[in-house]
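Working notes, structure below.
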Amino acid sequence: DALKLVDEMLELRECSEMVMKKISSGDYEQAARYVARFRASQDALPPGTDDASIRVLREAEQKLSAIVREKFETSMTARDAAGVSRFAKLFHPLGLANEGVSKYVQFIRRSLSEKCAADFKLLPSSSAKRSDNNPTPYAEAIKEVIGGIADIIGEHQQSVEEEFGPENFVVVLRGLEEEADIQALKVINKFLKDNAKAFDHQASGDLCEVGMVLNEVALMTQRAQLFHTYMHGVGSGVVEMIEDKSSFISSLPDGYSEEDGLVKLSKLTLSVQELVAKYVCSEQTYLLQSVEQAIRETDSLDETDDEALTTTVVDEAFFILRQSMQRSISTCDINAVCAVVNHVSAAVSGELKTALLSNLTESRRFYGNWVTTSKNVQPPAKGEHPLASLFLDADGNLYNPLTAAVSWPHSLNNLQEAVCFLDKLKDETQELFDRFFPPDGPDKDKREMFKHCVAGLDAAKVELESLHLGQCKEGLNMLKVHLSPMLVPVNTLDYNINEDQYADYQVNDPFAKAFNGMASVIHQHIKAVLNSVSCDEIMQQMAEQTCRRIEKAALSKRFSLFGALQFESDVRALCSFFTSVSEQVLRHKFARLFEMSSLLNLESVDELRELYGETRSWRLAPDEARQLLSSRVDFNVTQMELDMLLPG
């Protein structure tokens, strides 16, 4: 210990002899090191130890501290970044770390403020139009604020942490975040003032201009959200390096996070939350007004293009819906996303569905009358639109405007297209959402909320599909005017025939050939004017209703064996036709008719016993089977045998 004390006294004397020389020569860095060595050892020296040297060093400490403060202020005034950096580093060895960090933060905040002030002056006046070269000037101004802070952190983090420690770099981060609050809020407040009309839901502003304002809000919000994530990420990394965490946590002011040392809700974050609330309301208004405009003003039908099965209304409406959805996701605010998803679902179930139904109802009057004329369902002349005459008024002039409200086929196609677009919209939305809100991101716990909201699109799709199904039934009802006469012979057709009559039926088909011929004409017509899904649905319903009609007629008739053979021939002909024109499986719709045919073609009770002994699920009820077998005039079976084989 004595030797150590001697060494320390010798070192103390060396420091006292050299410190003033270094101060005088301007070597403040070395002088600061001497002072630091003195400060580190002074508490270990016994009282009375070389008082002269201690007095010199304390005077040097005071003098050097004054010089460093003065030089630092001079460098800040002169905007001398190198000088500021040089003298800021000298505060720590002089025992003035907190003061040094404070002055350093003051400098970088002042530099940032001056740069932002210059950028702020470049923002357009409230009356100026948006520039094509810079359509989002306010978002760019916020980007400059954030970018400036990121540059400062990248440039100074390492040196500040080395000179002052990581806990003091947290102080720097707080200062930068406070400056971001001031500068970004100035931009946001000017933006809100300059674009107040876009947020006035009662005002009838230019929708294009409102859309651009909303685009800029989304970009501003996105950048603020990313800045929040970035700052807190840097803060978390810095706090992890602090050795005395308990002391650090105990020194935190109220409202500051233990994980990153920053305020949990900055003024910028709170302001952006208010901006998002305004955005969501304005987005809803914009969405509804734009969809209504697309429905009311832009819908058009191209009478020259027979391959254009839809009008423009659905395409226009979904362009708007997709735009709003994508814009909301780009805000990086999960609450905004969920709110807009709900608004989109509501617009589909509300305004769009109402418009589609209105067009279907209105156009049904035109098409319902037009389609009753036989020539209108016949194949058109080459190069002629199959609905050409539907587009003309009583005077032979083209309807003006020509929209979906005139053409029921186009209205039905629009409805089906909306169903398809909903699927596409949902897939695109999910894909974009996963990019902005990855499963391992900071909002991973809120993804379930988004999933719940997106289910609203599925509900809207179910509504449209149900409407589509009902409208296909309406379409079939309009087309029945041509089919019903073809089924009239079924009511009077006699299946209690002999071999000669059966031979005659084979040559002169009583109804199936004529029915299939007319059904084929109708199929060709709807295939030409409807989408494949709607066309197939109508044919499916036509098959189902035809089967039910024939089933009902069969249960009221008498059959001979030859009549049963004819009945089977008719059923097979009908099934063959519908199978050939349908993209979906529909043979199951003929299952009851084929069961009827099988029963009617039995020749003995043994065959009946064998048929019902097979493991199969019958669609015919036992009482229907008994009724059919009883209608066979040449099938010998007693009631007792029927009751035993076909228990009810």
Side-chain angles (χ1 to χ4, degrees), residues 291 294-295 298-303 305-322 344-345 347-364 366-368 370-371 377 385-387 390-391 402-429 456-479 522-545 581-586:
V291 169
I295 292 166
T298 65
D299 188 28
S300 63
L301 189 161
D302 186 354
E303 78 283 0
D305 188 355
D306 59 358
E307 294 184 358
L309 301 180
T310 60
T311 62
T312 59
V313 62
V314 174
D315 199 42
E316 292 279 350
F318 271 88
F319 175 80
I320 296 159
L321 298 176
R322 186 182 300 108
V344 167
S345 298
V348 173
S349 297
E351 284 71 17
L352 182 58
K353 178 184 172 184
T354 299
L356 293 172
L357 181 56
S358 175
N359 283 341
L360 284 160
T361 303
E362 181 67 17
S363 61
R364 188 182 184 281
F366 295 95
Y367 183 74
W370 178 86
V371 81
V377 295
H385 197 294
L387 299 172
L390 176 64
F391 303 150
L402 184 59
T403 68
V406 174
S407 173
W408 183 85
H410 284 82
S411 294
L412 186 63
N413 291 330
N414 285 344
L415 176 57
Q416 177 55 32
E417 184 177 52
V419 173
C420 295
F421 277 12
L422 261 180
D423 281 334
K424 187 177 180 182
L425 177 63
K426 182 183 175 183
D427 291 343
E428 291 175 348
T429 300
L457 293 176
D458 292 328
K461 179 185 173 184
V462 170
E463 291 180 25
L464 295 185
E465 286 177 331
S466 177
L467 179 60
H468 176 261
L469 184 63
Q471 288 299 313
C472 286
K473 290 180 181 178
E474 287 288 327
L476 180 57
N477 287 336
M478 288 186 280
L479 295 165
I522 291 175
H523 173 253
Q524 291 301 318
H525 168 68
I526 62 176
K527 185 179 179 181
V529 300
L530 294 179
N531 65 87
S532 60
V533 174
S534 300
C535 177
D536 206 54
E537 179 58 39
I538 290 177
M539 296 308 293
Q540 290 272 332
Q541 292 186 18
M542 186 189 299
E544 184 173 340
Q545 292 187 26
V581 299
S582 177
E583 295 183 7
Q584 299 182 50
V585 177
L586 52 62

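Note that the numbering runs from 1 along the sequence shown for the chain.
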Rounded to the nearest 0.5 Å, what's the gap from [atom1] on [X] to [atom2] on [Y]? Could you check?
| X | Y | atom1 | atom2 | answer |
| --- | --- | --- | --- | --- |
| Gln524 | Lys527 | CD | NZ | 5.5 Å |
| Leu309 | Asp302 | CG | CG | 11.5 Å |
| Thr403 | Asp299 | OG1 | CG | 5.0 Å |
| Ser534 | Glu417 | OG | CD | 11.0 Å |
| His468 | Glu537 | NE2 | CD | 7.0 Å |

No-hydrogen, no-angle side-chain donor-acceptor test under 3.5 Å, [X] and [Y]:
| X | Y | answer |
| --- | --- | --- |
| Asn413 | Thr310 | no |
| Gln541 | Gln545 | no |
| Asn531 | Gln416 | no |
| Thr312 | Asp315 | no |
| Thr311 | Asn414 | yes |
| Ser363 | His410 | no |

Should Trp408 and Leu390 be marked as a side-chain contact (heavy atoms from CB on, under 4.5 Å) after you check the CA-CA gap, both sets of side-chain angles, and the distance that decides it? CA-CA 10 Å; Trp408 183 85; Leu390 176 64; over 6 Å; no
Students often mix this up, so state it plainly: with edges at 30° and 60°, are the rings of Phe421 and Phe318 parallel, tilted or perpendicular?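 Phe421 and Phe318: perpendicular rings.
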Name the orientation class of the two ring planes belonging to His525 and Tyr367 (parallel below 30°, tilted from 30 to 60°, perpendicular beyond 60°). parallel
Are Leu356 and Ser411 side-chain neighbours, meaning at least one heavy-atom pair lies under 4.5 Å? no
